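The next block holds one structure in the form of structure tokens; read it before the comments.
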Amino acid sequence: MRRRAGVGAIQRQKIQQDKFKEKGSEIQENQLEQMTLQMEKFRENLEEFATKHKNEIKKNPQFRKQFQEMCASIGVDPLASGKGFWCEMLGVGDFYYELGVQMLELCVATSYRNGGVILLEEVLRRLNQRRRPDNQISSDDVVRAVKKLRVLGSGMEVVATGSSQFIYSIPGELSMDHTTLLQQAETVGHMTVCSAASSLGWTQERVGRTLDHLLRVGIAWRDDQDRPASFWFPAFFQQCTTAE
Amino acid sequence: MDRWYWCGSSLTAGEVVCTTANGIRLYDGDKRTGYDDGHLTLTNHRLLWRHESQSSSLGLHLSLVVLVEDEAGGFTSSPKLLLHLAQPPHSKPAGPVAASSNSFIKLSFRQGGCSSFQQALQNAIGERDWEKVVIPSLPASHGKQSGGKTIHTGILGIERAIQAKQEETNQNISHAFEDLKNLMGLAKDMVFLSKSISNKIKEHSGEVSVDDTTRFRSYLLSLGIDDPVTRETYGSATQYHHHLAKEISQALEEPVKEVGGVMLLSEVYCRINRARGLQLLSPEDVMHACHLMKKFDLSLNLHTFESGVQVVQTAGLDQDKVVETTVETLKSHEVDGVSAGDLARECGMPLLLAQERLLQAERCAKAVRDESSEGLRFFPNLFFSRS
């Protein structure tokens, strides 16, 4: 449209813009209406899905994992709120939130022994012991539950070192050095400054510094009756892992 | 070439076809054989080669295949797969060649399909399905009086029941996955739609009515979609969270007082969910609800420490009083100092909270720290009090 000069043109332009805005709001209202309709349809479909497959979610860890991955791929978080459709109809929420509560309680109960560091396998073993055989949890379930708990600010997270995974429930971060030493501790159970230095290829000072920190936060214990002093890691004690 | 044996073309129990290829020539070692232009079938147990004119096939059991290599084709030759084979068992049925000096064979793909066949072959060899025990399923009788009755009792009956249940579960799961895919398709459309609506909101923020936005945000909450646009302007809380805030503060007012007026947010989460039993709250729900407490002047408040630790405390809890109490405890242990663990044990509070209290006292210059390999210990600040 050729631009024209004059007051008339300005007025016409304004009318045109107003009309576009109106159309825009109309379309947008339509969109919202459309979304309302789609939500209803989705709700019905989800109800149908739930009546057929709600049990699968509770009983089958593989199915749960698949479900979570599909949700993530389309940008939906089924665990965001207990009020969401997913939780209300499929009961996904109850499963993971309950798991979160159990994890928190387990970490508090065992932290006096292992200083707040616990092997993922031990968590699985302890929690699965209490559950029915057809209601078992997988490591994927635990990792997701822990991820959700982070918003509570208690510092719980999953850390992988080498072959195994740990749940840390202690505040403050552990550096690469600390986690490498922990990995080493997992294989040998206990160590002295010299043995660690030679097997890791570090200086004794570096090992000493790292062990000091672990000592301070309670992950490592020092046995001064040994000459030279040896360091032990309750998180990996056989007694700890089998005792209740 | 002596590992091949004559067999029928039908499949045995538990055998399924993985892939097929046409135009295959068999090589004994590097030498061509007369077995050309055949149809090759890969199952999860064997390789079967058959020429159209014949009814019987040549079979090769996959357990004999040690290594699979491929030879790229050139101008004059077609791509080939080289299969290194183990010694055949004595029980092998008769084959076209009684003995061969070569322990490898080649499959020439005159009409292509070599690489996909190689992939399928390696998968089948990796799976080792022939080693899995298949529970024999007894065929049900078809209403005949003669012939076996369907056995419902005894071990065979139990095995039958187990297998039937397994099949049913498998069926259910595959149906479940199908339904899940359809459901996700629907959800995906809605995510797309919600994105375009939120873009509209971003661009014309004056024109979208408050009601519409509230409705939209409740939809987002129901679906679990995180929308940065509405989160920035309105926060993530909705009516639901307002309601929750009231519920939590009512339910936990007494327990919080009992533990000294302060409770970790993770503890709050555990307690409220244990109390509810069903229809549990997500960690995010609890967090959003607690953030709203101050706004509504409820009896509990959320307080966030500098380190990120979040606690719920009784409103009107005097921070100064808390510091004073901590300092009192420090004074009583002037000689040794107090670590976070000591304070936690003595006052019966969680470790995180004890740590925060000591740090808070330090920030108010009422306590000093001593960091050593014995741990982090705190002492009353004598520099101020005695100087």
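As the structure is a computational prediction, the values presented were derived from the model and not from experiment. Chain A is the first sequence line, chain B the second, and so forth, proteins listed ahead of strands; every chain is numbered from 1.
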Are B:Gln310 and A:Leu152 close enough that some pair of their side-chain heavy atoms sits under 4.5 Å apart?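 No, their side chains stay 4.5 Å or more apart.
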What is the minimum heavy-atom distance between [X] and [Y], and which atoms define it?
| X | Y | value |
| --- | --- | --- |
| B:Val191 | A:Val76 | CG2-CG2, 3.5 Å |
| A:Met35 | B:Leu193 | CA-CD2, 3.6 Å |
| A:Trp86 | B:Ser222 | CD1-O, 4.0 Å |
| B:Asn273 | A:Tyr97 | ND2-CB, 4.3 Å |

Measure distances from [X] to the heavy atoms of chain A and classify the residue's part below 4.5 Å as side chain, backbone, both or neither.
| X | answer |
| --- | --- |
| B:Lys181 | both |
| B:Leu183 | both |
| B:Ser194 | both |

Given the options A:Cys71, A:Gly100, A:Gly208, which has more heavy-atom pairs under 4.5 Å with chain B than any of the others?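 Most heavy-atom pairs within the cutoff with chain B belong to A:Cys71.
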Among A:Glu48, A:Gln62, A:Gln66, who wins on heavy-atom pairs under 4.5 Å with chain B?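 So the answer, after comparing A:Glu48, A:Gln62, A:Gln66, is A:Gln66.
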Any donor-acceptor N/O pair, B:Gln279 side chain to A:Cys87 backbone, under 3.5 Å: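 A pair under 3.5 Å: no.
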Quick one: does any side-chain atom of B:Asp285 pair with a main-chain N or O of A:Ser81 as donor and acceptor, under 3.5 Å?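 No: the side chain of B:Asp285 does not pair with the backbone of A:Ser81.
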Quick one: what part of A:Leu46 sits under 4.5 Å from any heavy atom of chain B, side chain, backbone, both or neither?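 Both parts, backbone and side chain.
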Please look at A:Glu98 and chain B and tell me whether the side chain, the backbone, both or neither of the residue comes under 4.5 angstrom of a heavy atom of that chain.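 Both parts, backbone and side chain.
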When the ring centroid of B:Phe177 is compared with that of A:Phe63, is the distance short of 6.0 Å?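 Yes, they do, as the ring centres are separated by less than 6.0 Å.
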Among A:Leu104, A:Leu149, A:Val101, whose side-chain contact (heavy atoms from CB on, under 4.5 Å) with B:Ser266 holds?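 When A:Leu104, A:Leu149, A:Val101 are each tested with B:Ser266, the side-chain contact (heavy atoms from CB on, under 4.5 Å) holds only for A:Leu104.
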May I ask you to say whether B:Glu284 pairs ionically with A:Arg150, meaning some side-chain N is under 4.0 Å from a carboxylate O?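 No, this pair does not count.
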Look at A:Glu105 together with B:Arg274 and state whether they make a salt bridge at an N to O cut-off of under 4.0 Å.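 A salt bridge links A:Glu105 with B:Arg274.
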Show your reasoning for whether side chain to side chain contact (heavy atoms under 4.5 Å, CB included) applies to B:Asp189 and A:Phe42. CA-CA 10 Å; B:Asp189 289 336; A:Phe42 181 72; over 6 Å; no
I'd like to know whether B:Leu223 forms a side chain to side chain contact (heavy atoms under 4.5 Å, CB included) with A:Met39, so could you lay out the CA-CA distance, the side-chain angles of the two residues, the decisive distance to 0.1 Å, and finally the verdict. CA-CA 9 Å; B:Leu223 284 177; A:Met39 291 289 274; 3.8 Å; yes
Nearest-0.5 Å distance that lies between atom CG in B:Asp179 and atom CG in A:Asn45: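 It comes to 9.5 Å.
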Which value, rounded to the nearest 0.5 Å, describes the distance between A:Lys41 atom NZ and B:Leu186 atom CG?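 It comes to 5.0 Å.
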Distance-only polar pair, side chains of B:Tyr219 and A:Thr36, donor-acceptor under 3.5 Å: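 Yes, a side-chain donor-acceptor pair sits under 3.5 Å.
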A:Lys148/B:Ser282 under side chain to side chain contact (heavy atoms under 4.5 Å, CB included): CA gap, chis, key distance, verdict: CA-CA 8 Å; A:Lys148 280 281 129 191; B:Ser282 77; 5.8 Å; no
Crowding at CD, A:Gln225 (>12 non-hydrogen neighbours, <6.0 Å):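 It does not: A:Gln225 CD has 12 such atoms or fewer within range.
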